[in-house]
Amino acid sequence: MKKSKTTCIIVTHDVASAFRIGTRMTMLYQGKIIEDAPPEQFKQSTNPVVRQFLSGSTEGPMLEGIPNAIATK
């Protein structure tokens, strides 16, 4: 969007696309901004919630304390 000097907000769970097109990444968690950085810096975040989201892991702080958050067979 630099050529047209416009701002565009994209909400997505498609991490690969977000990193490909984004110039700034912001992550909301429990109603608060927990990370706001350029894509390369965002990828290096030490925030455990951001790390879990980026890795796609089912283990981590996002599901702690939620009984039966992960379906088991």
Side-chain angles (χ1 to χ4, degrees):
M1 297 296 154
K2 289 180 183 178
K3 286 183 179 183
S4 63
K5 296 183 181 184
T6 60
T7 298
C8 180
I9 296 173
I10 299 171
V11 178
T12 184
H13 66 282
D14 184 347
V15 179
S17 291
F19 281 112
R20 192 171 50 253
I21 63 174
T23 58
R24 186 137 197 106
M25 314 298 285
T26 301
M27 184 170 174
L28 297 172
Y29 179 67
Q30 296 182 341
K32 296 179 183 171
I33 294 173
I34 62 166
E35 194 74 42
D36 178 41
E40 289 307 312
Q41 185 179 341
F42 191 92
K43 288 179 187 178
Q44 302 304 316
S45 174
T46 58
N47 183 305
V49 174
V50 176
R51 299 295 326 143
Q52 181 182 358
F53 177 75
L54 291 177
S55 72
S57 177
T58 57
E59 295 183 21
M62 288 194 281
L63 300 177
E64 285 179 1
I66 300 174
N68 302 315
I70 303 168
T72 57
K73 293 181 180 181

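Below, all heavy atoms of this structure are taken into account, side chains as well, without hydrogens, waters or symmetry copies.
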Nearest 0.5 Å, please: how far is NE2 in His13 from CZ in Phe53? 8.5 Å
Residue pair Ala37 / Phe42: nearest heavy atoms and the distance that separates them: CB-N, 3.9 Å
At what distance, to the nearest 0.5 angstrom, does OG of Ser57 lie from CZ of Arg51? 11.0 Å
Are Leu28 and Leu54 connected into the same hydrophobic cluster when the rule is that any two of I, L, V, M, F, W, Y join if their side-chain heavy atoms are below 4.5 Å apart? no
Rounding to 0.5 Å, atoms CD1 (Ile21) and CG (Asp14) come to a distance of 8.5 Å
Contact summary for Tyr29 and Pro61, nearest pair of heavy atoms: OH-O, 3.6 Å
Of all pairs that satisfy salt bridge (charged side-chain N to carboxylate O under 4.0 Å, His left out), the ones with a partner from residues 31-41, not counting sequence neighbours: Arg24-Asp36, Glu40-Lys43
Nearest 0.5 Å please: distance from the CD1 atom of Ile34 over to the CG atom of Asn47. 4.5 Å
First locate atom CE of Met25, then atom CD of Gln41, and finally report the distance between them rounded to the nearest 0.5 Å. 12.5 Å
